[in-house]
Number of protein chains: 2
Amino acid sequence: NRFSTFVKSGGEAFVLGEASGFVKDGDKLCVVLGPHGPEWQENPYPFQCSIEDPTKQTKFKGMKSYIAYKLVPSHTGQQVHRRYKHFDWLYGRLVEKFPVISVPHLPEKQATGRFEEDFISKRRKGLAWWMDHMCSHPVLAQCDAFQHFLTCPSTDEKAWKQGKRKAEKDEMVGANFFLTISVPAGHPASLDLQEVESQVDGFKSFTKKMDESTIQLNQTVNEFARKQVTGFKKEYQKVGHSFKGLSQAFEMDQQAFSVGLNQAIAFTGEAYDAIGEFFADQPRQDLDPVMDLLALYQGHLANFPDIIHVQKGALTKVKESKRHVEEGKMEAQKADGIQDRCNIISFATLAEIHHFHKIRVRDFKSQMQHFLQQQILFFQKVTQKLEEALHKYDSV
Amino acid sequence: NRFSTFVKSGGEAFVLGEASGFVKDGDKLCVVLGPHGPEWQENPYPFQCSIEDPTKQTKFKGMKSYIAYKLVPSHTGQQVHRRYKHFDWLYGRLVEKFPVISVPHLPEKQATGRFEEDFISKRRKGLAWWMDHMCSHPVLAQCDAFQHFLTCPSTDEKAWKQGKRKAEKDEMVGANFFLTISVPAGHPASLDLQEVESQVDGFKSFTKKMDESTIQLNQTVNEFARKQVTGFKKEYQKVGHSFKGLSQAFEMDQQAFSVGLNQAIAFTGEAYDAIGEFFADQPRQDLDPVMDLLALYQGHLANFPDIIHVQKGALTKVKESKRHVEEGKMEAQKADGIQDRCNIISFATLAEIHHFHKIRVRDFKSQMQHFLQQQILFFQKVTQKLEEALHKYDSV
């Protein structure tokens, strides 16, 4: 199928030995053998990049408005301003260049309400998550287009266009990208293709199950947030309202021994009112970040079928070539070349799978911790409010 | 209106000087002037009475079953067993005897499910609340029929019947009851009837407002309890279920660096499941007692219109008698007698109103404290469960 991902990605051309290009030293990407199998060589100069202060800017004398975000990469410390369309351009380059790497999805486009505060704040958070995943990836973090995006001064229009053109003319994309991959040398480092197939199949099942469970979790969390903002808030505030009603009735008795109780019950009513507000405010603190994380991972999970497809295509070519050699239709040397190149794709795929698991464990650990910490703070705040109310009865 | 409460209660007969009977010293009820106005003289031998161990008993060789409650009055320390029908008999005597005293209502009768555990437990609690209000009331606590009920040995059938007959033949009921009331002597202690009228009117408005707000609170609390048992529980358990689903997906990756996270997420799922159960179990601890209290007070609030009616009837008679004297239709001496007897009813009514406020403040204070304490314990339990879950991530 000439329209399959295997063909379109350049995987087929590479496996068949049709890719050619000059690989500069700086373009080399190494897969190494770690304790858990193949992994991308770590970025020797790891960095992060903050995304803050989305501000509305104008050009063409105010005819056109847009939002610019302030980026400060830690390895340069120099702030640059970028618009969503710059992120989008970069994303396009990365997807084109890297056939077996899961490029994190950008937060979705939105036509209307682009200048509304909620939307901007949500997009900034989404871009920050995206940036975190970009910086965490040894290959993506170091690629030229990304570095250009992070470091080119926003005021130097010329340098920006130059870097853009260079990235767009990059020849080491698609099939040629695979030429840049170095795998551990020597025969023992060559992968058992059957073993690779079983690992990739296992990962395929994993992503399927993870995709189902994240969709389910996302729905539940979304509904839970909605319930807290509506039903939970309403129930606690109705209790607060009824206590206030009781205290208003009791206030008709203004004898000295009643007044303290009346005030304490009124305060209790206010406390339940406040607790209702706490419930409504809470999802922003704990459930929204969980949903942001799930959205990012749903993007990755949507990427992997194509990545797996490229690897499977390569494996199929190896099997075919072996059959062709047996049938005398192909020279053994050519088949060996195919197997070697499939080995490179397999190393890259397994490295990418490993990277996915590594950041998944890191991200879900820290997000679950954050979620539970926020939930604990919330219930402590509720408890504290109730304790305040309880103390009002001490002097009654 | 010969069917009015004023007439039926004996209030009219008493005011018109038609009641007569011999008041033994032991029957005397004193109203004294306290710091807040008239109040019942305190019971010099205050006591309480526990109601425990409802047990199924049979008679007629098992042909008839009933539930007997163990009562232990603190002033005798001797346990007696009583059935609901004994409470009901006593209640009837008290209502007949005391026209301006709010006899607490018994927990409602129920024809079906009499032997079901929930019903028995609920009735026991209702009877305990009733008993608390009986023992707290200076007049009710000391009355003969109640003392007979509390102290007559359950095994002495003869003594029980004797006491019962005596109570049923009591002549100091209705109109004659008022004869037993002593009010502070001397002219300064005589109440300003206009002032009394305004106080009673104020109390009437108070009870109306309190009745409305307790009905409202009862509905809210009832609904809140229902929501916690259904919706709240369901929402937290759905979150728990989704976390468990995620951990099951993650368990497909059994690499060393994943296992700890998988287990921590599974535990988090269980924690949310448990929190759902906490929500469902909670109303029994905090909302049910509030509803018990409200039910008891709704009974008192239903009693007061009649009590107020008797007092208003007496006041009307005083006004009438004054007019009759002016018109030469009545001797001044007779009118003075009417005014004196109205004064007695007013003292008793104000004492009863005072008693109501006193126990109301006491009961609502302690019940609000209990409610808040239980709510605090609940939210602390939730927090603790979440902290347990959070710690599972420490070693990930």
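Order of the sequence lines sets the chain letters (A, B, ...), proteins ahead of strands, with each chain counted from 1. Quick caveat: nothing in here was measured; it's all calculated off a predicted structure.
- If you measure heavy-atom distances from Gln248(A) to chain B, the contacts under 4.5 Å come from both the backbone and the side chain.
- In this structure, the portions of Gln375(B) lying under 4.5 Å from any heavy atom of chain A include both its backbone and its side chain.
- Closest heavy-atom contact between Leu261(B) and Val361(A): CD2-CA, 3.8 Å.
- Looking at Ala264(B), there are no atoms closer than 4.5 Å to chain A (heavy atoms on both sides), in backbone or side chain.
- When side chains are defined from C-beta on, Phe243(B) does not count as touching Thr220(A), because their heavy atoms never get closer than 4.5 Å.
- Contact annotation: the side chain of Glu235(A) approaches that of Phe232(B) to within less than 4.5 Å [non-hydrogen atoms, C-beta and beyond].
- In this structure, the portion of Val382(B) lying under 4.5 Å from any heavy atom of chain A is its side chain and not its backbone.
- For Gln41(A), the side-chain contact (heavy atoms from CB on, under 4.5 Å) partners at least two apart in sequence or on another chain are Cys30(A), Val32(A).
- Contact of Leu390(B) with chain A is made through backbone and side chain together, with heavy-atom distances under 4.5 Å.
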With side chain to side chain contact (heavy atoms under 4.5 Å, CB included) as the criterion, how do Glu387(A) and Gln380(B) come out once you've worked through the C-alpha distance, each side chain's angles and the decisive distance to 0.1 Å?
CA-CA 11 Å; Glu387(A) 277 167 348; Gln380(B) 283 172 340; 3.6 Å; yes

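- More than 12 heavy atoms of other residues, nucleotides or ligands shown are found within 6.0 angstrom of CZ on Arg362(A).
- Scanning all heavy atoms of the two residues, the minimum distance from Ile265(B) to Met368(A) falls at CG1-CG, 4.2 Å.
- Minimum heavy-atom separation, Leu217(A) to Ser242(B): CD1-CB, 3.5 Å.
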